[in-house]
Every structure is written in C-alpha cells, then in structure tokens.
Amino acid sequence: MEKILVSASHYDTLCQDAWRLLEESGYQVIFDPEKKFPAYTTEEIAARDDREKIVAAVIGMDDYRDEKKYQLLPNLKAVAKFGVGVDNIDGELAGRYKVAALNAPGQNSNAVAEMTIGFMIDLLRQIIPLHKDMEQGRWPRAMGSEIKGKTVGLLGFGAIAQLVAEKLQCFGVEVIAYDLYPNEARAKQLGVRMTTQEDVIRNSDLVSIHIPATPETWHLFDEETLASMKKGAYLINPARGALVDLDALAAAMESGQIAGAALDAFEVEPLPVDSAILKCRNLVLTPHTGAETKESYYNVSMTTAKDIIRVLKGECPEHCVNRIPEERR
C-alpha cells in the first residue's frame, strides 16, 4: 500500500477527518506522535525501509530544501506544507523531481489574525509584565494605553492582514497598509489607506508584520529601521522570525525607542535562553503558535489531504506553489 508521511503535529488528535479521508482513498498514513517536531530528518528518512512506498508528505517545519530527501523518496509526488508559508520547501527543486509543492492558504488566517489583535491589546495594557509582577507579590498601578485613536500599520495586506483590518474596524483606529501588490478594492471596503512601506514604518503607533521572509526582507527590522519608527511605537511579528533582528530590537526596547514587542516567530527556534530580547520588559512571546487552533488544524488538514489526493490521482490541486510537470496534469 502506498504511504503518506505526516510530520505535522497533532495529526492523530485534531486531524482525524483528514486521516480518515486519506485512508478511505487507499493510502496508509504514517504518523508517530512520540516524535519531536520537526520530525523526519533526512537521516531518519534514509533509515526507513519503506521509503519507496512513500508517495506524499504532510510537513510542519521540517526542511524540504534538501535535495537528498527527494533522492531518498523516489516515488514522492506531493509535499504539502501544513500551513501557508513554504519557506522550508524549495519549489523549484521539488519541480525538478516532479513533486507538487502544496500549501493551504487562508485556512489558518483567522487564527493568526485573532492572535495579532490579542498581541496589540496585551502590549498597550502591559498585560504580561503586570501578570509577572503579581506573581511576585507586587501590585503595580501601571498606566496603559487604549487602542482607540491609534494608527495601526500593516506591513503586507494579504489574507491575514485583511482579517486584522476587518477586526480592527470596531476599535476606532486608523489602519494604513503597504503591499507589493495592493488589493485596493478590499482596502477601500475595509477603510484601509494603502501607502508606502516607509509611511507604515515611520508613522504607525503599532506596526504589524504580515510579509514572507525572503532574501530581500531578511532583517528588514534592523537597527536603522527600528530607529526610523515612531518613538514609543510597538512592533508585532506573527509572520517569520528572519524579518526582525532580535538583538537590534532588544536594544531599541532598552533605549525606549520601541515601547513593546510581540513575537510569534524567531530566526532560531526554539528561542535560545540567553537571547537579549528576554531581558526586555513589555514583551509578549509565543512559540510559533499563531496558527495553532483546533479550527485551523481541521481546515488545513482537510485542504492538504484533498489536494494530495488530487495530485495522486493525476488531477490538478487547488493550491500548488510550483509548476506541476505536464505528465501529472
């Protein structure tokens, strides 16, 4: 029986309908809940005696930019990212091995958008540091700020950022946004002013990052960019860790240039315990869990399962980020 290798977490508990769909379509799901994630390194795959039976993979953060993986899996036809960002899949490389690179755009967008709103309120009201103070028996009367009347800048205006803008409509804020390919119609509908990247960074009280990590955006928020932000502004990164230079951010927070930061993604994960950012006070950190909700797991698992089945049947998937070889269409 052909097999599908799954390294996305919680697949046995939160993705049972997708598992069942794959099995009913004639495939065996390989999933080990005891494995640490990201699971199935190149070395682990090399040690498997069933490699030739694996025809698809559902992956979390494991690296499919390694050519040896494709060489070890000669019958692999699809690799599906359990989420949206495919920075750990080399689509061009996958294409050379006639492997469809799949993802699930929009399926976890609401989860990330809701967390982003939560980050904003946490930072403005200093909820985390106040909680830590109370754990130590202190009773501080810190002065917070309201989100009403603030300018929120969205760097990127894709599915997640649009949902953030939609949810902000009831808060009485001005929302500005920048995107390489702006959706002007959606912006107008949501009352968002599309502008330049520089305007978003320089004139927002809160800057929320919603762009992919690319060589061009690596450490976009470095010492110079952080210095160009409004003094006392807040930075939120629910996107990719490589977008922010953490040491530069820590220095900007220590100096008071940046009043607070909320981060869900990090250039090195797990975040090293000696990171300078951990010494900062008004800080919210989550371990890359922006998309981790029961609802999003169901949506993503069903979307990826259906597309894998389409590819294995020789049909066109709905969400493919590379070119599918002609003989697979």
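We count residues from 1, following the sequence as given.
- Considering only heavy atoms from C-beta on, S204 stays 4.5 Å or farther from V152 through its side chain.
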- Are E198 and Y178 close enough, and set up right, to give a side chain to side chain donor-acceptor pair (under 3.5 Å), and what steps lead you there? CA-CA 9 Å; E198 182 182 45; Y178 167 75; over 6 Å; no
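- Between Y234 and L124, the closest side-chain pair of non-hydrogen atoms falls below 4.5 Å.
- Taking a cutoff of 4.0 Å between a charged side-chain nitrogen and a carboxylate oxygen, D50 and K53 do not qualify as a salt bridge.
- Ion pairing between R125 and E146 fails under the 4.0 Å rule for side-chain N and carboxylate O.
- Distance alone, capped at 3.5 Å, places no donor-acceptor pair between the N108 side chain and the S296 backbone.
- Remark: D63 does not engage K69 in a salt bridge, criterion side-chain N to carboxylate O under 4.0 Å.
- Put simply, the side chain of L206 reaches to within 4.5 Å of the side chain of K150, judged on heavy atoms.
- At least one side-chain heavy atom of I308 sits less than 4.5 Å from a side-chain heavy atom of L102.
- In E23, the CD atom is crowded: over 12 heavy atoms of neighbouring residues, nucleotides or ligands sit closer than 6.0 Å.
- The shortest side-chain heavy-atom distance between L154 and V200 does not fall under the 4.5 Å cut-off.
- Contact between E2 and K77 at its shortest, heavy atoms only, is OE2-NZ, 4.4 Å.
- Interatomic distance, D87 CG to M61 CE, rounded to the nearest 0.5 Å: 6.0 Å.
- If you check the side chains of Q71 and Y97, you find a donor sitting under 3.5 Å from an acceptor.
- Checking E216 against T214 by side-chain atom types alone, a donor-acceptor pair falls below 3.5 Å.
- Taking all atoms of both residues into account, the shortest heavy-atom contact from I201 to S228 is CG2-OG, 3.5 Å.
- Between the side chain of T304 and the main chain of V58, no donor-acceptor pair closer than 3.5 Å is present.
- Cation-pi contact between K148 and F171: absent, since separation from the ring centre below 6.0 Å together with deviation from the ring axis within 45° is not met.
- Counting all heavy atoms, side chain and backbone alike, V86 lies closest to K81 at CG1-CB, 3.9 Å.
- Between the side chains of N110 and K167, at least one donor N or O lies within less than 3.5 Å of an accepting N or O.
- Between D12 and P33, the shortest heavy-atom contact is OD2-CB, 3.6 Å.
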- Query: Stepwise, does the salt bridge (Lys or Arg N to Asp or Glu O under 4.0 Å) test hold for D133 with R138?
  - Reply: CA-CA 5 Å; D133 282 340; R138 295 188 288 269; 3.0 Å; yes
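- Counting only heavy atoms from C-beta outward, the side chains of L168 and I117 approach each other to under 4.5 Å.
- Not a single donor-acceptor pair under 3.5 Å links the side chain of Q162 to the backbone N or O of A159.
- In the hydrophobic cluster analysis, where Ile, Leu, Val, Met, Phe, Trp and Tyr join through side-chain heavy atoms closer than 4.5 angstrom, I59 is grouped together with L73.
- In this structure, I309 is a member of the same hydrophobic cluster as Y298, with clusters built from ILVMFWY side-chain heavy atoms closer than 4.5 Å.
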- Task: Apply salt bridge (Lys or Arg N to Asp or Glu O under 4.0 Å) to E44 and K35, showing your working.
- Result: CA-CA 11 Å; E44 288 176 301; K35 273 193 164 300; 2.4 Å; yes
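- The side chain to side chain contact (heavy atoms under 4.5 Å, CB included) test with V6 singles out one residue from W19, F31, F82, and that residue is F31.
- No donor-acceptor distance shorter than 3.5 angstrom exists from the side chain of R240 to the backbone of A213, with no hydrogens or angles considered.
- Looking only at side-chain heavy atoms (C-beta outward), I209 and L235 come within less than 4.5 Å of each other.
- Salt bridge status for R186 with E166: present, with a side-chain N to carboxylate O gap under 4.0 Å.
- A donor-acceptor contact shorter than 3.5 Å is absent between the side chain of N237 and the backbone of A242.
- Residues S9 and Y297 bring a donor and an acceptor atom of their side chains to less than 3.5 Å of each other.
- One finds a salt bridge joining D307 and R310 here, because a Lys/Arg side-chain nitrogen approaches an Asp/Glu carboxylate oxygen to under 4.0 Å.
- With Y70 contributing its side chain and Y64 its backbone, the two residues share a donor-acceptor pair below 3.5 Å.
- Between the side chain of S275 and the backbone N or O of L278, no donor-acceptor pair lies under 3.5 Å.
- Cluster membership for L243 and V112, using ILVMFWY side-chain heavy atoms within less than 4.5 angstrom, is not shared.
- In this structure, A261 and L249 approach most closely via the heavy-atom pair CB-CD2, 3.9 Å.
- Between the side chain of D179 and the main chain of F157, a donor-acceptor pair closer than 3.5 Å is present.
- Nearest heavy atoms, T289 versus T286: OG1-CB, 3.7 Å.
- Using modelled atom types, one side-chain atom of T196 and one backbone atom of D199 make a donor-acceptor pair closer than 3.5 Å.
- Rounding to the nearest 0.5 Å gives a distance of 10.0 Å between CD of Q28 and CD1 of I54.
- For E267 (side chain) and L246 (main-chain N/O), no donor-acceptor pair under 3.5 Å exists by modelled atom type.
- Looking at H219 and T225, their side chains never come closer than 4.5 Å, going by heavy atoms from C-beta outward.
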